[in-house]
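Every number for a ligand or one of its atoms is a count from 1 in the order of the listing. No hydrogens, no waters, no symmetry mates; every other heavy atom, side chains included, goes into these values.
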Amino acid sequence: MNILVTGGAGFIGSHVTNLLINQGHTVEVLDNLSSGFRENVPPSAKLHIMDVQSPEASALIQEKRYTALVHHAAQMDVRRSVSDPAFDVQVNILGLINLMEAGRKSGLRKVVFASTGGAIYGEPEAGPQSEIHPQQPLSPYGISKLTSEKLLHFYYHEYGIPYVALRYGNVYGPRQNSHGEAGVIAIFSERLLANQPTIIHGDGLQTRDYVYVDDVARANLAALNFNESPTAFNIGTGVETDVVTLHRKLQEALGIHRAAKHGPGKPGEQRRSVLDCTKADDGLSWKPEVSLHEGIQRTADWFASQKIGD
Ligand SMILES: NC(=O)c1ccc[n+]([C@@H]2O[C@H](COP(=O)([O-])OP(=O)(O)OC[C@H]3O[C@@H](n4cnc5c(N)ncnc54)[C@H](O)[C@@H]3O)[C@@H](O)[C@H]2O)c1
């Protein structure tokens, strides 16, 4: 396949790009480098530095006539989406429309979309959330991801372009950016290694479903090969982990034992999130393969190696 990965210079997109290239696909990357890095893009993938909203992005898609679009570029800062909802809509919704309008005019045959499990479902009603859990996003970010899924359904219905939405849990692993609000494992790793204090917001018993980036990349590959009716799949582990436990596991993995400080809780922060991923097992034959223990060790080793390379 001839594939365009947007956001391919970022954390998840670059792992997806690597895997697709290793599988023999031709891959190009579109990224404005706002939070991604040129170095993350493998040399065999051509990098187009442009914004998803731009006329240049539209022209590129129409000229190259990609078979598939793997869409990871996004405004993904939940807090920024609250303080500047218009920017979130511009990047996440108008950006997607720009790409899809170009794609529908140029024979696009498949879309894989990086959606979110946590932010779409909102505060869980009970147990792990499956794809049919009520959708009550609490932020413009969650709303824009859900709207994007609906827009993709429109492009399927109207123009016959199939899609798969992958609703990720909290993705972690090498190359995660520690700047900003997301990526608690990256943030703790860098601070522990730099001998700086680590702050846990509130009591630290808020939970998330942490899924390793290699497993997420495999889910993208499975989604590209999925030929049934367009749908959404949760991509997580079904394991609920709180921040205090995460901090302890990271200390063990890094061999650095320094207690975290507790700061004020974040107002409005979701308390719990864990995903039921049975549907991905059934539909994509996908299951996570990397345990939290193993994934944290690999991530800690990577951050430690970056530190040595400073
Ligand atoms: N990291 C997670 O835990 C997580 C969870 C759920 C969903 N997601 C989704 O996965 C995708 C990738 O996230 P990530 O963690 O790799 O973040 P990231 O910041 O590392 O990657 C995003 C990439 O998109 C690029 N980008 C941003 N705005 C752009 C624009 N307007 N035009 C072109 N490129 C632009 C950035 O430069 C960056 O390379 C996002 O869509 C995010 O919403 C991530």
Side-chain angles (χ1 to χ4, degrees), residues 4-18 28-41 45 47-58 60-61 69-78 80-81 87-99 111-121 137 139-149 152 165-187 208-217 219-220 223 232-237 270 273 275 295 299:
L4 181 67
V5 178
T6 71
F11 163 49
I12 302 171
S14 65
H15 285 272
V16 173
T17 300
N18 272 319
E28 299 193 357
V29 166
L30 187 158
D31 199 300
N32 69 356
L33 302 184
S34 55
S35 61
F37 300 93
R38 188 187 288 271
E39 311 82 82
N40 286 347
V41 180
L47 169 63
H48 302 276
I49 302 174
M50 46 182 78
D51 196 289
V52 289
Q53 301 165 75
S54 64
E56 291 78 12
S58 172
L60 176 77
I61 289 172
L69 172 69
V70 177
H71 186 39
H72 279 73
Q75 186 314 103
M76 58 164 295
D77 183 333
V78 175
R80 181 162 188 194
S81 82
F87 181 67
D88 194 273
V89 168
Q90 281 159 11
V91 177
N92 292 355
I93 297 182
L94 296 181
L96 176 67
I97 291 174
N98 188 41
L99 304 179
V111 180
V112 176
F113 173 60
S115 189
T116 167
I120 276 190
Y121 302 127
S139 63
Y141 170 73
I143 293 166
S144 72
K145 288 289 183 184
L146 186 55
T147 307
S148 297
E149 290 190 13
L152 287 172
L166 298 175
R167 296 182 181 162
Y168 301 153
N170 273 46
V171 188
Y172 71 98
R175 298 205 283 270
Q176 185 159 29
N177 196 332
S178 65
H179 306 288
E181 296 278 343
V184 66
I185 293 179
I187 295 167
R208 296 290 183 269
D209 186 330
Y210 294 92
V211 57
Y212 191 66
V213 69
D214 285 0
D215 282 331
V216 170
N220 276 264
F233 293 102
N234 285 341
I235 299 298
T237 63
Q270 202 171 312
S273 178
L275 300 175
T299 308

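- Under the 4.5 Å side-chain criterion, counting only non-hydrogen atoms from C-beta, Leu69 is in contact with Thr6.
- Contacts classified as salt bridge (charged side-chain N to carboxylate O under 4.0 Å, His left out) and involving residues 28-40 (residues at least two apart or in different chains) are given here: Glu28-Lys64.
- Less than 4.0 angstrom separates some heavy atom of Met50 from each of these atoms of ligand 1: 32 (N), 33 (C).
- With ligand atoms numbered from 1 in the order given, ligand 1 contributes 6 (C), 7 (C) to contacts under 4.0 Å with heavy atoms of Ser115.
- The closest approach between Ala9 and ligand 1 falls below 4.0 Å for a heavy atom of the residue.
- Taken from OG in Ser58 to CE in Met50, the straight-line distance is 10.5 Å, to the nearest 0.5 Å.
- Looking at heavy atoms from C-beta onward, Asn220 lies in side-chain contact with Val216 at the 4.5 angstrom threshold.
- Using a 4.5 Å cut-off on side-chain heavy atoms (C-beta onward), Leu275 and Arg167 make no contact.
- Asp31 counts as a contact of ligand 1, since one of its heavy atoms falls under 4.0 Å from the ligand.
- Side chains of Ser115 and Leu166 form no contact here, defined as non-hydrogen atoms less than 4.5 Å apart.
- Inter-residue side-chain proximity for Ile120 and Glu149 is flagged as met; some heavy-atom pair is nearer than 4.5 Å.
- With rounding to the nearest 0.5 angstrom, the CG atom of Asp77 is 10.0 Å from the OG atom of Ser139.
- Put simply, NE2 on His72 and OH on Tyr168 are 2.5 Å apart, with the number rounded to the nearest 0.5 Å.
- Leu152 has its side chain out of reach of His71: every pair of non-hydrogen atoms, C-beta onward, lies at least 4.5 Å apart.
- The Gly10 neighbourhood of ligand 1 comprises atoms 20 (O), 21 (O), 38 (C), 39 (O), with distances under 4.0 Å to a heavy atom of that residue.
- Here Tyr141 has side-chain heavy atoms under 4.0 Å from ligand 1, and that is the only part of it that gets that close.
- With a heavy-atom cut-off of 4.0 Å, Leu33 touches ligand 1 through its backbone alone.
- Two residues are said to be in side-chain contact when any heavy atoms from C-beta on lie closer than 4.5 Å; Ser14 and Arg175 meet this criterion.
- Taking distance alone, with nitrogen or oxygen atoms compared against 3.5 Å, Asp51 approaches ligand 1 more closely than that limit.
- Here His71 has no heavy atoms under 4.0 Å from ligand 1, in either its backbone or its side chain.
- Those atoms of ligand 1 with a heavy atom of Gly36 less than 4.0 angstrom away are 36 (C), 37 (O), 38 (C), 39 (O).
- A heavy-atom separation below 4.0 Å is found between Gly169 and ligand 1.
- Looking at Gly13 next to ligand 1, no N or O pair under 3.5 Å apart turns up.
- Under a 4.0 angstrom heavy-atom cut-off, Arg175 registers as lying outside contact with ligand 1.
- With contacts defined as side-chain heavy-atom distances shorter than 4.5 Å, the pair Tyr141/Val78 qualifies.
- Looking at Ala73 next to ligand 1, no N or O pair under 3.5 Å apart turns up.
- Note: no N/O pair closer than 3.5 Å links Gln75 and ligand 1 by distance alone.
- To the nearest 0.5 Å, atom CG of residue Asp209 and atom CG of residue Asn170 are 8.0 Å apart.
- Distances from atom 10 (O) of ligand 1 to the heavy atoms of Ala114, Gly183, Ala186 put Ala114 nearest.
- Only side-chain heavy atoms of Val91 come within less than 4.0 Å of ligand 1; its backbone N, CA, C and O stay farther off.
- Nearest to atom 14 (P) of ligand 1 by heavy atom, out of Gln176, Gln90, Met76, is Met76.
- At a 3.5 angstrom cut-off on N or O pairs, Phe37 does not count as close to ligand 1.
- A donor and an acceptor atom, one from each side chain of Ser144 and Asp88, are located under 3.5 Å apart.
- Contact atoms of ligand 1 toward Ser34: 26 (N), 27 (C), 28 (N), 36 (C), 37 (O) (distance under 4.0 Å to a heavy atom of the residue).
- For Lys145, a nitrogen or oxygen atom sits less than 3.5 Å from a nitrogen or oxygen atom of ligand 1, counting backbone and side chain alike.
- By the 3.5 Å distance cut-off applied to N or O atoms, Ser35 is counted among the residues near ligand 1.
- Using a 4.0 Å cut-off to heavy atoms of Asn170, the atoms of ligand 1 that qualify are 3 (O).
- Annotation: salt bridge (Lys or Arg N to Asp or Glu O under 4.0 Å) contacts of Asp51 (sequence neighbours excluded): none.
- The N/O atoms of Leu30, backbone and side chain alike, include none that comes under 3.5 Å of an N/O atom in ligand 1.
- The shortest N or O to N or O distance between Asn177 and ligand 1 is not below 3.5 Å.
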